[in-house]
Amino acid sequence: MPFGNTHNNFKLNYKVEEEYPDLSQHNNHMAKVLTKEMYGKLRDKQTPSGYTLDDVIQTGVDNPGHPFIMTVGCVAGDEESYEVFKDLLDPIISDRHGGYSPNDVHKTDLNFENLKGGDDLDPNYVLSSRVRTGRSIKGFTLPPHNSRGERRIIEKLSVEALTSLDGEFKGKYYPLKSMTDAEQEQLIADHFLFDKPVSPLLTCAGMARDWPDARGIWHNDNKTFLVWVNEEDHLRVISMQKGGNMREVFKRFCVGLQKIEEIFKKHNHGFMWNKHLGYILTCPSNLGTGLRGGVHVKLPKLSTHPKFEEILTRLRLQKRGTGGVDTASVGGVFDISNADRLGSSEVEQVQMVVDGVKLMVEMEKKLEKGEAIDSMIPAQK
Amino acid sequence: MPFGNTHNKMKMNYSAEQEFPDLSQHNNHMAKVLTPEMYAQLRDKETPSGFTLDDVIQTGVDNPGHPFIMTVGCVAGDEETYEVFRDLMDPIIEDRHGGYKPDDKHKTDLDPENLQGGDDLDPNYVLSSRVRTGRSIRGFCLPPHCSRGERRAIEDLSIQSLDALDGDLKGRYYALKNMTEEEQQQLIDDHFLFDKPVSPLLLASGMARDWPDGRGIWHNDNKTFLVWVNEEDHLRVISMQKGGNMREVFTRFCTGLTKIESLFKERSHEFMWNEHLGYVLTCPSNLGTGLRAGVHVKLPNLSKHELFGEVLKRLRLQKRGTGGVDTAAVGGVFDISNADRLGFSEVELVQMVVDGVNLLVDMEKRLEAGDAVDDLMPEQK
């Protein structure tokens with residue numbers, strides 16, 4: 001038994017009632033699920049690396065939640081968190097991922113050939129296209145829990161893998177802690193630079209410890225493929241470009257990801273994946289594909305239509321402002337992306353974005369001409 | 001816990017070099033003292049409650065430091081931290097507390113009769129007087145490490161003890177989590193309310209976990225005696241009033257503290273104290289007396305004098321703005337308080353403030369009259 005969980009055992013001297021968090025003001029998935037009985041049952045457990053129930057839920061205790069956005073309120077500290085604390089995480093996963101059950105099997109499909117179309121979203125409306133996901137490296141604990149030693153090895157392995165890429169993927173790594181001012185300016189101008197997390201959702205989970213040690217950004221010379229190392233996940237992989245050729249973006253995404261995975265495998269470090277949860281990531285909301293495929297698209301008329309939300313729901317899409325999650329749209333330009341992560345494959349999710357955005361652009365054009373769109377409203381996907 | 005690097009044993013799989021923090025950009029006491037050799041020597045240790053070296057130093061790793069203010073860069077998680085990690089703590093204590101040695105003894109003197117004078121600081125200059133300290137309750141872990149159960153037990157004990165106070169000290173407890181809007185506004189107007197810590201120095205050490213659970217403010221009906229429960233320390237005790245009667249403030253301080261201590265003892269709990277470190281508190285900078293006695297005093301002329309800094313130094317006093325540490329002076333009004341905490345008794349420190357402020361006010365009056373102050377320059381105390 002790992003040595004450092006003495007305090008967890010210490011806490012067992014206090015009764016369940018005394019240790020159970022006050023969730024009366026809370027509105028997040030963890031608070032909906034964690035009863036006192038469940039707390040009593042799980043509180044003496046820990047993963048092999050020593051991650052405990054209180055570690056899992058700390059961020060949800062500290063952040064009661066948003067009136068409009070249902071936050072998850074818990075994180076994984078390692079791959080085994082999802083197993084050891086399944087009594088808590090399974091219901092959360094089910095609630096968050098549209099009824100996904102503990103016996104369901106998740107399909108991974110990174111074969112870009114299976115995508116239909118997607119190369120001709122109208123660039124007069126679709127300003128840019130982007131696909132991102134995360135990957136965790138097997139054998140290491142996750143950002144809420146990992147040590148400096150682990151983080152640095154993850155960085156080292158990542159840099160080795162990435163610098164061996166060639167062709168359109170040839171690029172360079174910029175560690176956060178030794179970036180020059182000029183490099184920093186350029187990365188900001190390219191919208192690539194990630195900053196030390198300020199969101200209390202992340203800082204309360206311990207992900208910002210030791211910042212900026214072993215954090216960095218890699219991108220290819222063409223600036224269309226980008227990897228964040230040791231931010232909220234071990235790796236965040238992003239493919240992006242201006243315009244509406246989502247097919248090309250997704251192709252580069254799949255090819256790049258697979259190349260990276262091969263190199264990691266050669267060093268005996270695969271990605272965390274299982275057939276139930278797909279790719280294992282820090283936040284339960286990103287399980288499955290971890291994929292968010294989206295566009296920045298001009299929908300000034302459609303966005304003010306009373307059915308806009310309903311259309312998005314039926315297309316299984318979500319909207320954000322162009323600054324990302326929790327920002328407002330500017331000038332009628334929205335970030336539209338897939339809402340799902342788990343229970344459908346990468347190809348399926350990008351297909352939904354491609355088909356859905358196409359439809360919405362058609363609707364926008366109709367509204368521009370003063371025509372109705374009622375006949376175009378889709379069935380629930 | 002997210003801030004408890006509880007997988008200490010797993011980390012031993014990585015070499016000391018791999019785990020040693022990068023302190024190259026750092027300017028704090030911890031960074032000055034912690035060598036790779038010391039890190040290697042201490043990294044497998046833990047206190048009985050499981051607080052590890054990485055727990056002690058996390059705040060100092062995450063906060064490289066201030067160019068003007070030398071921060072401590074480490075915290076204690078329990079009473080035993082100062083013993084188990086003495087190889088690190090002793091040199092930090094020595095550097096911070098004017099050369100205090102590992103075998104020095106600290107004198108506690110809370111008898112207000114031993115203070116000479118102090119009842120007649122000129123109220124035309126001295127606007128208010130205040131004395132504060134902290135206390136930790138033996139048998140519980142400290143704020144960076146304590147669990148909800150412990151924190152609530154500390155709160156319960158504190159309320160029981162404080163509710164038993166009477167006479168001039170009779171008062172009431174306001175729990176942060178169920179304060180009414182009116183109570184909150186009143187406490188803000190009285191300058192009593194403490195808020196959730198925002199300083200990264202405190203957040204990085206885990207002291208804000210589970211906020212506002214177990215936290216509250218107690219004050220007497222006269223609003224001259226105030227206790228903060230479970231903020232940076234288990235208890236912070238404050239005596240304050242308008243004007244220059246520091247003697248009265250200190251008398252109430254000592255009487256109140258002594259009464260509280262005996263009420264805790266009646267409930268079989270004592271304060272953490274030993275003859276080497278005096279009162280044991282979360283931050284090594286507050287060891288000894290934990291006492292900061294100060295006044296808000298008008299020194300518009302003296303503060304512009306070229307010898308102001310030197311005078312303060314010789315008097316063993318420090319200046320702050322009237323918003324507290326890290327604020328600027330407004331309208332020539334300064335917060336002047338003792339610089340020392342450890343190695344001097346409470347009476348000695350308050351005496352230094354009383355005598356020093358009397359002298360500063362005399363100097364201010366001289367400068368107002370257009371006279372020199374050179375002959376009033378004190379010796380180094």
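Below, read A as the first sequence line, B as the second, and so on, with proteins coming before strands; counting in each chain starts at 1.
- Considering only heavy atoms from C-beta on, A:Val61 stays 4.5 Å or farther from B:Arg209 through its side chain.
- Side-chain contact between A:Phe10 and B:Cys141: present, with at least one pair of heavy atoms (C-beta onward) separated by less than 4.5 Å.
- With a threshold of 4.5 angstrom between heavy atoms, A:Leu53 does not approach chain B through any atom at all.
- Looking at heavy atoms from C-beta onward, B:Glu150 lies out of side-chain contact with A:Glu18 at the 4.5 angstrom threshold.
- With a threshold of 4.5 angstrom between heavy atoms, A:Asp213 approaches chain B through side-chain atoms but not through N, CA, C or O.
- Atom-to-atom distance recorded for A:Ser49:OG and B:Lys9:NZ is 14.0 Å, nearest 0.5 angstrom.
- Residues B:Leu203 and A:Thr203 form no side-chain contact, since every pair of their non-hydrogen atoms from C-beta on lies 4.5 Å or further apart.
- Both the backbone and the side chain of B:Asp22 come within less than 4.5 Å of a heavy atom of chain A.
- Contact tally against chain A (heavy-atom pairs below 4.5 Å) for B:Asn13, B:Asp210, B:Asn63, B:Asp78: the top residue is B:Asp210.
- Atoms CG and OG, on A:Asn8 and B:Ser49 in that order, are 12.0 Å from each other to the nearest 0.5 Å.
- Neither the backbone nor the side chain of A:Lys15 comes within contact range of chain B; no heavy atoms are under 4.5 Å apart.
- Note that CZ of A:Arg152 is 9.0 Å distant from CZ of B:Phe20, once rounded to the nearest 0.5 Å.
- Heavy-atom distances place both the backbone and the side chain of A:Glu150 under 4.5 Å from chain B.
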Step by step, would you call B:Arg148 with A:Asp54 a salt bridge (Lys or Arg N to Asp or Glu O under 4.0 Å)? CA-CA 10 Å; B:Arg148 285 180 294 272; A:Asp54 278 339; 2.7 Å; yes
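- Counting heavy-atom pairs under 4.5 Å between each of B:Pro21, B:Ala153, B:Ser24, B:Ala208 and chain A puts B:Pro21 at the top.
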